[in-house]
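Read the structure below first, then the notes.
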Amino acid sequence: IHLCSIILHILSRANMFKAANGLLNRIINAEPSSPSPTGVTVVDCLMDTSKECEPSPMVFDLLIDAYVQNGKVMPAADAFYRLKKRGLMPSLLCCNTLLKALLRANRIDMVVRVYESMLEAKIMPDVYTFSTVIHAFSKQGKLEEAKRVLSEMEARGCNPNVVTYNTLIHGYCKVGDLTEAIGLKEAICEKGLVPDVFTYSALVNGLCKVRRVTEAREIFVEMLEVGLMPNEVTYTTLIDGYMKGGEIEEAFKLKDEMVVRGIQPNVFTFNTLIRGICKVGKAQEANMLLTEMKGMGLRPDRMTYTNVIEGYCKEGNMVEAFRLLDEMAKRNIAPSVVTYSVIINWLCKAGDMERAHEVFKKMVERDLMPNSVVYTTLISGHCRKGNTEDAFKLFDEMVRRKIVPDAFTYDSLIHGLCKAGKIQDAKK
RNA sequence: AAUAUAAUAAGCCG
């Protein structure tokens with residue numbers, strides 16, 4: 001490892017990134033997956049050897065980047081801290097990459113820590129950094145904090161750009177604060193910036209999600225008026241809004257409209273349409289959409305199939321549902337836990353607990369880990385039949401498997417017990 | 001060499 005470190009220094013100094021990256025990949029994949037906080041890791045070796053070689057700070061970037069590329073986010077963060085402890089820092093760009101990776105891994109706490117470390121180390125964050133941190137807070141619904149970061153960046157002389165605002169807008173939309181979200185669009189203009197497709201799409205989405213489809217449409221129209229071309233995301237968003245509001249006709253009109261405009265519906269678009277049409281019990285039409293998308297050269301994904309399967313389940317046509325499950329296998333599209341849970345759910349609803357359990361077994365055989373949704377589905381199925389005994393068997397099983405029951409699970413059990421007249425038991 | 005923003009699926013009761 002000592003030798004490797006020296007080689008790495010030489011390689012990165014010589015700008016031989018490919019070679020360095022290859023070596024790094026081998027090293028980090030040989031490392032134990034959970035770094036002990038006290039043990040010596042590659043970073044330490046690199047830091048030690050950097051005195052012997054000409055110091056090349058790039059090597060640390062390469063290391064952290066390699067960790068990130070290999071999905072090893074925590075070791076990447078660990079390396080970051082070890083560097084910091086010895087007064088070293090990766091480049092700003094690398095810090096941003098790390099932040100993004102941490103955000104993706106949902107380690108918001110770490111995002112904040114790294115961000116604060118950067119400030120401590122007097123690395124001036126750039127607009128990427130701030131936007132990522134804003135995104136992190138938004139993801140947690142902490143919009144106050146997100147907005148504080150916005151002020152912070154302005155105070156530090158870093159100008160927010162459209163992306164920064166879009167990120168915030170998305171955050172406010174997610175918590176349903178459309179007033180604030182729309183206000184931020186105005187703020188974009190006041191700053192002399194120009195709202196873009198992302199801005200509008202985010203707003204359309206936000207309005208649709210709180211069932212304000214008419215206003216969503218108005219924003220959509222405004223977008224056209226200012227000369228911005230909606231894209232397939234914008235269209236799909238609005239289509240979903242109409243679908244969720246039960247306005248099927250309007251949704252399909254939009255699909256035609258986008259085609260006329262030369263915007264190709266994609267898999268998302270079709271999945272949205274299929275789901276909407278299935279909701280009103282038109283599985284056959286959903287199936288036609290499935291054929292249509294195949295004809296366009298679009299590859300249906302597991303969500304497409306899951307939606308059509310659910311459509312048939314709703315109609316009580318389990319034969320067709322299972323046929324589609326077969327078709328998935330033939331087309332090499334792996335069913336997900338959701339796919340199975342849909343089938344299980346409808347079998348439960350039909351009172352066919354036996355087959356529900358068969359499907360459950362099949363799922364487990366396929367190495368799909370049942371989650372709390374699947375368990376709760378089965379539990380409530382048993383409860384509906386007044387079979388609290390099997391319901392609790394499943395409850396025990398899920399606990400044994402370290403699957404955390406949630407409020408839905410307990411609700412189902414309580415309802416089941418009450419229905420069975422076991423009010424005393426329900427109280428525990 | 002590597003960095004930030006928007007769209008689609010499942011479970012309880014109603």
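For the numbers below, each heavy atom of this structure counts, side chains included, while hydrogens, waters and symmetry mates do not. So that the names make sense, note that chain A is the first sequence line, chain B the second, and so on, each numbered from 1. Worth saying up front: this structure is predicted, and the values here are computed from it rather than measured.
Residue A/N266 places a side-chain atom within donor-acceptor reach of the base of B/A7, judged by atom type and a 3.5 Å distance cut-off alone. Within 3.5 Å, no donor on the side chain of A/T377 pairs with an acceptor on the base of B/G11, nor the reverse. Remark: the A/N231 side chain and the B/A6 base include a donor-acceptor N/O pair separated by less than 3.5 Å. Judged by atom type and distance alone, A/N371 reaches the base of B/A10 through a side-chain donor-acceptor pair under 3.5 Å. Side chain A/T132 to base B/A4: no donor-acceptor pair is found below 3.5 Å. A/S201 contributes a side-chain N or O that forms a donor-acceptor pair with the base of B/A6 under 3.5 Å. Looking at A/N161, its side chain comes within 3.5 Å of the base of B/A4 through a donor and an acceptor atom. One can find a donor-acceptor pair under 3.5 Å joining the base of B/G11 and the side-chain atoms of A/D406.
Distances shorter than 4.0 Å separate none of the side-chain N or O atoms of A/H415 from OP1 or OP2 on B/G14. In this model, the phosphate group of B/U8 is not approached by any side-chain N or O of A/R302 to a distance below 4.0 Å at OP1 or OP2. Neither OP1 nor OP2 of B/A1 sits under 4.0 Å from any side-chain N or O of A/N21.
At least one side-chain heavy atom of A/Y115 sits under 4.5 Å from a side-chain heavy atom of A/F130.
Closest to the A/T236 side chain, of the nucleotides B/A7, B/A6, B/A1, is B/A7. In the set B/A1, B/G11, B/A10, the nucleotide with an atom closest to the side chain of A/F17 is B/A1. Taking only side-chain atoms of A/K209, from C-beta outward, the nucleotide of B/U3, B/C13, B/A7 with the closest atom is B/A7. For A/K100, the listed nucleotide lying nearest its side chain is B/U3; candidates were B/U3, B/A9, B/A1. In this structure, the nucleotide among B/A1, B/A9, B/A6 sitting nearest to the side chain of A/R275 is B/A9. You'll find that the side chain of A/D411 is closest to B/C12, out of B/C12, B/A9, B/A1. The side chain of A/D240 has B/U8 as its nearest neighbour among B/U8, B/C12, B/A6. In the set B/U3, B/A10, B/A7, B/U3 carries the atom at the smallest distance from any side-chain atom of A/Y128. Taking only side-chain atoms of A/T97, from C-beta outward, the nucleotide of B/U3, B/A7, B/U5 with the closest atom is B/U3. Across B/A1, B/U8, B/G11, the shortest atom-to-atom separation from the side chain of A/N345 is found for B/G11.
More than 12 non-hydrogen atoms from other residues, nucleotides or ligands lie less than 6.0 angstrom from CD of A/E186. No more than 12 heavy atoms of other residues, nucleotides or ligands sit less than 6.0 Å from atom CE of A/M288.
With centroids closer than 5.5 Å and planes inclined by less than 30 degrees as the test, A/F268 and the base of B/A7 pass as a stacked pair. A distance cut-off of 5.5 Å between ring centres, combined with a plane angle under 30°, leaves A/F408 outside any stacking arrangement with the base of B/G11.
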Mind running side chain to side chain donor-acceptor pair (under 3.5 Å) on A/T339 and A/S336 for me, showing each step along the way? CA-CA 5 Å; A/T339 315; A/S336 68; 3.2 Å; yes

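When rounded to the nearest whole Å, the span between CD of A/E310 and C1' of B/U8 equals 13 Å. For the pair A/I188 CD1 and B/A6 P, the interatomic distance rounds to 14 Å; values are reported in whole Å. At whole-Å resolution of the value, CE in A/M369 and C1' in B/G11 are 17 Å apart. Taking atom CG on A/L99 and atom P on B/A2, their separation rounds to 18 Å, with Å as the unit. Rounded to an integer number of Å, the gap from CG of A/L325 to P of B/A9 is 20 Å. Separating the CG atom of A/L298 from the C1' atom of B/A7 is a distance of 15 Å, rounded to the nearest angstrom. Atom CG of A/L413 and atom P of B/C13 are 12 Å apart (whole Å). Distance, A/Y115 OH to B/U3 P: 22 Å, rounded to whole Å.
Counting any heavy atom pair closer than 4.0 Å across all strands shown, A/S412 reaches sugar-phosphate atoms only and no base atom. Contact annotation for A/T167: backbone-only contact, meaning every heavy-atom pair under 4.0 Å involves sugar-phosphate atoms and none involves a base. Looking at heavy-atom distances under 4.0 Å, A/M58 makes contact with a base.
A/N70 and A/N25 are linked by a side-chain donor-acceptor pair at a separation below 3.5 angstrom, with hydrogens and angles left out of the test. One side chain, A/T234 or A/N231, offers a donor N or O that lies under 3.5 Å from an acceptor on the other.
The side chain to side chain contact (heavy atoms under 4.5 Å, CB included) search around A/K142 returns A/F137, A/Q140, A/E145, not counting sequence neighbours.
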